[in-house]
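Owing to the predicted nature of the structure, the values given are computational and were not obtained by experimental measurement. Per chain, numbering begins at 1; letters A, B, ... match sequence-line order.
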Amino acid sequence: AQSVTQLGSHVSVSEGALVLLRCNYSSSVPPYLFWYVQYPNQGLQLLLKYTSAATLVKGINGFEAEFKKSETSFHLTKPSAHMSDAAEYFCAVIPFYNQGGKLIFGQGTELSVKP
Amino acid sequence: EAGVTQFPSHSVIEKGQTVTLRCDPISGHDNLYWYRRVMGKEIKFLLHFVKESKQDESGMPNNRFLAERTGGTYSTLKVQPAELEDSGVYFCASSQVDLNEQFFGPGTRLTVL
């Protein structure tokens, strides 16, 4: 069965530092890939998605992610962290064989940003 | 445009009681999904409606859970009787097309004592 692994349940960076959140999926056929963010007391919000177009995907708030088929990875990055980036981030996939749109999530990564 | 709304935001009930969660999707969204996050675990899919029909209910834990979407608008998720392991955050999401972005509600935090 398809699974998603996010390395690190908690990541802490300093303001202005690079943000790197890791995501690997388990499939020989690339699925649709998503990153969602959840701010406190809010619902999940889509940051970006990969649907077999460009391998480097740009999202909102300065985030981007690169799809690497050879590494089955879809890591999320942002060059310079801002205090407002503190939130929980979820990597998710829709397997290629599932046309219903059912999302399979990773465990989530809590990002802390230190002043 | 109003987003996905869920009611209640929090619910605390005793084991054995019944609870009904409600989700109002974005108007015009035929696809409605329920997900659940148990503390410390990943968000897991429960089921998917297309309009009023259950498209996929493979994630429903057991027959204590009943989801409905009468008229293809709002949806309810009833847990009867509730057990301790049902505690968690229940999310609802909707989308226009099933492979498009899913818009999530803020969730209902259910605590079963």
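Annotation: the span from Arg37(B) atom CZ to Leu44(A) atom CG amounts to 8.5 Å, rounded to 0.5 Å. Once rounded to the nearest 0.5 Å, the distance linking CZ of Phe91(B) with CZ of Phe105(A) reads 8.5 Å. Atoms NZ and CD, on Lys102(A) and Gln55(B) in that order, are 12.0 Å from each other to the nearest 0.5 Å. Tyr33(B) contributes atom OH, which lies 7.5 Å from atom CG of Leu103(A) (distance to the nearest 0.5 angstrom).
Within a 6.0 Å sphere centred on CE of Met83(A), other residues, nucleotides and ligands contribute more than 12 heavy atoms. Heavy-atom neighbours of Lys54(B) NZ from other residues, nucleotides or ligands within 6.0 Å: above the threshold of 12. Counting heavy atoms of neighbouring residues, nucleotides and ligands inside a 6.0 Å radius, atom CG of Asn62(B) exceeds 12 of them. Heavy atoms from other residues, nucleotides or ligands lying under 6.0 Å from OH of Tyr39(A) number more than 12.
Hydrophobic clustering (side-chain heavy atoms under 4.5 Å, transitive across Ile, Leu, Val, Met, Phe, Trp, Tyr) groups Val89(B) together with Ile43(B). Following chains of ILVMFWY side-chain contacts shorter than 4.5 Å, one cannot reach Trp34(B) starting from Phe104(B), and the two form parts of different hydrophobic clusters. A continuous path of ILVMFWY side-chain contacts below 4.5 Å connects Val13(A) to Leu76(A), so both sit in one hydrophobic cluster. Note on Leu47(B): it clusters hydrophobically with Val19(B), by side-chain heavy-atom contacts below 4.5 Å among ILVMFWY residues. At a threshold of 4.5 Å between side-chain heavy atoms, the hydrophobic network of Ile, Leu, Val, Met, Phe, Trp and Tyr places Phe63(A) and Val93(A) in one connected group.
Ser58(B) touches chain A through its side chain: at least one heavy atom from C-beta onward sits under 4.5 Å away, while N, CA, C and O do not. For a residue to count as touching a neighbouring chain, one of its non-hydrogen atoms must lie under 4.5 Å from one of that chain's; by this rule Gln38(A) touches chain B with the side chain only.
Below 4.5 Å, heavy atoms of chain A meet heavy atoms from Gly105(B), Pro106(B), all part of residues 105-113 of chain B.
Nearest approach of Glu101(B) to Lys49(A), heavy atoms of both residues: N-NZ, 4.1 Å.
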